[in-house]
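So you know, we letter chains A, B, ... as the sequences are listed, proteins then strands, and number each from 1.
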Amino acid sequence: MYRTKNCGELRMQHVGEQVTLAGWVQTVRKFGSITFSDLRDRYGITQLYFNELLNSQLDSTPIGREYVLQVTGKVVERSNKNNKIPTGEVEVEVASFKILNAAEVPPFTIEENTDGGDELRMKYRYLDLRRPTLRRNLELRYKVNRSVRNYLDTLGFWDIETPFLIKSTPEGARDFVVPSRMNQGQFYALPQSPQTFKQLLMVSGYDRYYQVVKCFRDEDLRADRQPEFTQVDCEMSFVEQEDILNTFEGLFKHVFKDVKGVDITYAFPRITFDDAMWHYGNDKPDIRFEMKIQNLKVDGAVNCLTIAQAIGGFKVFDEAETILAICVPGASEYTRKQTDEITEWAKRPQIGMTGVINIKCNNDGTFKSTVDKFFSAEQQAEIAAFCGAGKGDLILLLAGKETRTRKAMSELRLEMGNRLGLRNHDDYKPLWVIDFPLFEYDEDGNRWVARHHPFTSPKPEHIELMNDLSRYGEIKANAYDIVLNGTEIGGGSIRIFQRHLQEKMFAALGMSKEEAQEKFGFLMGAFEYGAPPHGGIAFGFDRLCALLGGQESIRDFIAFPKNNSGRDVMLDAPSAIDEAQMKELGLK
RNA sequence: GAGAUCAUAGUUCAAUUGGUUAGAGCACCGCCCUGUCACGGCGGAAGUUGCGGGUUCGAGUCCCGUUGAUCUCGCCA
């Protein structure tokens, strides 16, 4: 046995015991004739004490950072205790030690706060993973995983694996493909999700299925996106939307309680997609703070009369399709510099507005705005009243095309939430967004596409509208997202389970009968052999872990992540393959 | 496909309007040190300023190109 105890477990109660530890040398502190060293493993850090005798051995066999060391000695009470670490009351007085493996000097410090940059840490990921920060993240991930499995197991869900080498489909994200050697010139695709398989499992009668499973999408990346990522994929039969929302709301409450000790006792708020867009400008509202969007004018229709009554006419407002406002509480004292900063922020190409109008509702009841020329004090008071602004508040207005302006206002709201410190990551405010549109119009492709995916069922009362192309935009789906603190962490739908409706759906998406048969014949065939009503949901597992860990980036919650360009900088993948391999695969 | 920011010692950063021999912290190496735990003291080594071109008497600094990184928009059913 290499060790009798680990580096995190020794306490006062162990004083006097003879122990053997094995781990990595974190630091060496030499004092002439005695030496202290910290030994680290996954469980913690234990101080080693080399007395005068042992110290001379260190001269002949020196130890350095990250050496793998085995020591045997007696646990003793420290004369100077360290209350910063759990083992800080004791130390091991080394009687003998053995270097199990020497180590090069690592390229960055392996401590709580490393001095290494992202790229370097990725290249030496196995070293970065020794740091307590990363270790805690992966531990959290494991606990979330276990908690999810425990909950679903209790409810009788079965974990069933589905294949990774599958067929490429045209809809949705770009597929990763894998050439087939035995079928030259043909390719498998890696699944974007196990969607069709889990539906087939429902047809097979496995009415409660889940899987913690890798999914693959060949799209451009972000801090919270990886080319391969993990989903908690679930599906149930003989359920309605209500059953699914209740079941998985329960899952979230369980995980929050289990992993974070957070008790959410109330029912998650539910908000329709339309309301979310109207009040927050997006379909994943951050409801940790209010600051709801005020719709002064939308698609040319004026809701706040005053804004159409500018003195001598105000071109910016008159010509705008949409005018939106938010009321920033307690910000009326913002300086010119601060409001300019906000304007500059809105003018960045990613936001794309030409400016931000502000009205300061001063504490003395007066108004000061960038549009004093166009609106009298009384008129500004009316606008303030419409926006629900009181003394001391700052109203920010954006005007322009509906889509762009709403999107920009959504971003501005979040930005102001950040500036005011209203987005505390310890504050968990989950909600359901429901009643998503079934279709959305794809401007580039000049066609209607499925907003969720083509297996999503329209609301029964809206099926009729599928016969009228001009009303596609009105059709709502039995689709829902779960949103946490402004991030979509899961989404799902009640599925289509009848062949005729599925055919109708494919036709609505502009797919010919032949094409639908070729791509999804297996699914429609299955629907002819007794498919039960079913529906499900999938959660972005990496994102959920990052949120629970209070971080933006999912990378440090994945043991071996890829960088911004989808590269594994440790392996240096992807890479070229040799000529012979190419030939064998029929690629050359 | 696009925008922003960045690239200088092992590492994290600095270097004034373009001006002497490119500096500092940490890490590393050597010597000293019996209670440290961010140990301390003294000394030392360490650089093709990502790469290629240009402007200039002179470029880490300005310009063009290129490669890579981070964040974002498009994209991600």
Q: Looking at every strand, decide which applies to A:Asn55 at a 4.0 Å heavy-atom threshold: base, sugar-phosphate, or nothing.
A: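 Nothing, no nucleic acid heavy atom in range.
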Q: Closest nucleotide of RNA chain B for A:Gly116 versus for A:Ile34: which of these residues is on the 5' side?
A: A:Gly116
Q: Output the rounded distance in Å from CG (A:Leu120) to C1' (B:rA27).
A: 12 Å
Q: Tell me whether the side-chain N/O atoms of A:Arg29 come closer than 4.0 Å to OP1 or OP2 in B:rG40.
A: no
Q: Within a reach of under 6.0 Å around CZ of A:Arg65, are more than 12 heavy atoms found that belong to other residues, nucleotides or ligands?
A: yes
Q: Pick base, sugar-phosphate or nothing for A:Glu91, based on heavy-atom distances below 4.0 Å to the nucleic acid.
A: base
Q: Is it the case that the base of B:rG74 and the side chain of A:Asp220 share a donor-acceptor contact (distance under 3.5 Å, atom types as modelled)?
A: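 Yes.
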Q: Quick one: do A:Phe97 and A:Phe50 satisfy ring pair (Phe, Tyr, Trp, His ring centres under 6.0 Å)? Show the steps, please.
A: CA-CA 10 Å; A:Phe97 69 91; A:Phe50 296 81; 5.5 Å; yes
Q: Mind checking if A:Arg174 touches a base, just sugar-phosphate, or nothing, with heavy atoms under 4.0 Å?
A: nothing
Q: Just call it for A:Phe455: base, sugar-phosphate, or nothing, with non-hydrogen atoms closer than 4.0 Å on any strand.
A: nothing
Q: Is it true that A:Asp175 and A:Gln192 share a donor-acceptor pair across their side chains at a distance under 3.5 Å?
A: yes
Q: To the nearest Å, how far apart are A:Leu53 CG and B:rU34 P?
A: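 These atoms are roughly 15 Å apart.
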Q: Any strand counts, and the cut-off is 3.5 Å on both contacts for Watson-Crick or G-U wobble. Which nucleotide pairs with B:rC51?
A: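 Check on B:rC51: paired to B:rG65, both distances under 3.5 Å.
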Q: Determine whether the aromatic ring centres of A:Tyr480 and A:Phe436 lie less than 6.0 Å apart.
A: no
Q: Is B:rU36 paired to anything, Watson-Crick or G-U wobble with both distances less than 3.5 Å, and if yes, which nucleotide?
A: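 Per the H-bond distance test, none.
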Q: What integer distance in Å separates A:Arg222:CZ from B:rC76:P?
A: 11 Å
Q: Using the P atom as the reference point in each nucleotide, state the distance between B:rC31 and B:rU70 in Å, no decimals.
A: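 Going atom to atom, P in each nucleotide, I get 42 Å.
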Q: So what does A:Lys81 touch, heavy atoms closer than 4.0 Å: a base, only the sugar-phosphate, or nothing?
A: base
Q: Look through every strand shown and name the nucleotide pairing with B:rG1 as Watson-Crick or G-U wobble, where both distances are under 3.5 Å.
A: B:rC73
Q: For A:Gly117, answer base if it contacts any base atom (sugar-phosphate contacts may also be present), sugar-phosphate if it contacts only those atoms, and nothing otherwise; contact means non-hydrogen atoms under 4.0 Å.
A: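 If one applies the 4.0 Å heavy-atom cut-off, A:Gly117 turns out to touch the sugar-phosphate alone, with no base involved.
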Q: For B:rU12 and B:rA69, measure between their P atoms and round to the nearest Å.
A: 15 Å
Q: With a 6.0 Å cut-off on ring centres, are A:Phe520 and A:Phe506 close enough?
A: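 Yes; A:Phe506 has its ring centre under 6.0 Å from that of A:Phe520.
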Q: Can you tell me if A:Lys84 touches the phosphate of B:rA38, counting only side-chain N or O atoms and a distance under 4.0 Å to OP1 or OP2?
A: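 Answer is yes, contact under 4.0 Å.
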Q: On the nucleotide B:rC71, are OP1 or OP2 found under 4.0 Å from the side-chain N or O atoms that A:Arg555 carries?
A: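 Affirmative; the distance criterion is met.
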Q: Is the closest side-chain donor-acceptor distance between A:Ser565 and A:Arg567 under 3.5 Å?
A: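 The answer is no; no qualifying pair exists.
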Q: Does the B:rG74 base have a donor-acceptor partner in the side chain of A:Gln350 within less than 3.5 Å?
A: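 Such a pair does not exist between side chain and base.
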Q: Just to be sure I understand the rule, does A:Lys30 reach a base, reach only the sugar-phosphate, or reach nothing, if contact means heavy atoms closer than 4.0 Å?
A: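 Result for A:Lys30 = base.
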Q: Does A:Asn564 put a side-chain nitrogen or oxygen below 4.0 Å from OP1 or OP2 of B:rC71?
A: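 Yes, A:Asn564 has a side-chain N/O under 4.0 Å of OP1/OP2 on B:rC71.
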Q: Could you tell me whether A:Phe108 contacts a base, only the sugar-phosphate backbone, or nothing, with contacts defined as non-hydrogen atoms closer than 4.0 Å?
A: nothing
Q: Nearest to the side chain of A:Pro107, heavy atoms from C-beta on, is which of B:rG68, B:rG10, B:rC28?
A: B:rG10
Q: Once you round it to whole Å, what is the distance between C1' of B:rA2 and CD1 of A:Ile351?
A: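 Rounded to whole Å, this separation is 15 Å.
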Q: Map A:Val569 and A:Arg451 onto RNA chain B by nearest heavy atom, then report which one ends up closer to the 5' terminus.
A: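 Result of the comparison: A:Val569.
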Q: State whether a side-chain donor-acceptor pair under 3.5 Å links A:Thr27 with A:Asp38.
A: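 Yes, a side-chain donor-acceptor pair sits under 3.5 Å.
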Q: If I take atom CG in residue A:Asn51 and atom C1' in nucleotide B:rC33, what distance separates them, rounded to the nearest angstrom?
A: 17 Å
Q: Using a heavy-atom cut-off of under 4.0 Å over every strand shown, decide if A:Pro349 touches base, sugar-phosphate, or nothing.
A: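 Sugar-phosphate only.
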Q: Could you work out the separation of B:rU48 and B:rG23 based on their P atoms and round it to a whole Å?
A: 15 Å
Q: Sort out the partner of B:rA46 for me: Watson-Crick or G-U wobble, both distances under 3.5 Å, none otherwise.
A: none
Q: Is there a Watson-Crick or G-U wobble partner for B:rA24 with both distances under 3.5 Å, and if so, which one is it?
A: B:rU12
Q: Could you give the distance separating B:rG47 and B:rA15 at their C1' atoms, to the nearest angstrom?
A: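 Here B:rA15 and B:rG47 have their C1' atoms 14 Å from each other.
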Q: Using whole Å, what does the distance between atom P of nucleotide B:rA69 and atom NZ of A:Lys562 come to?
A: 14 Å
Q: What's A:Arg78 touching, base or sugar-phosphate or nothing? Going by heavy atoms closer than 4.0 Å.
A: base
Q: Just checking A:Glu52: base, sugar-phosphate only, or nothing, at a heavy-atom cut-off of under 4.0 Å?
A: base
Q: Rounded to whole angstrom units, what separation is found between the CD atom of A:Glu111 and the P atom of B:rU11?
A: 17 Å
Q: Please state whether the phosphate of B:rA69, meaning OP1 or OP2, lies under 4.0 angstrom from any side-chain nitrogen or oxygen of A:Ser565.
A: yes
Q: Report yes if at least one side-chain N or O of A:Arg225 is closer than 4.0 Å to OP1 or OP2 of B:rC75; otherwise report no.
A: no
Q: Kindly compute the distance separating CD1 (A:Ile496) from CG (A:Leu501), expressed to the nearest 0.5 Å.
A: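 If I round to the nearest 0.5 Å, the distance is 4.5 Å.
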Q: Base, sugar-phosphate, or nothing for A:Gln47, non-hydrogen atoms under 4.0 angstrom?
A: base
Q: Rounding to a whole Å, what distance do you find between A:Asn563:CG and B:rU67:C1'?
A: 14 Å
Q: I'd like to know whether the aromatic ring centres of A:Phe216 and A:Phe164 sit less than 6.0 Å apart in this structure.
A: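 Distance test on ring centres: under 6.0 Å, yes.
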Q: Would you say a side-chain N or O of A:Lys347 is under 4.0 Å from OP1 or OP2 of B:rA4?
A: no
Q: Could you check whether A:Phe31 and the base of B:rU34 form a stacked pair, meaning centres closer than 5.5 Å and planes differing by less than 30°?
A: no
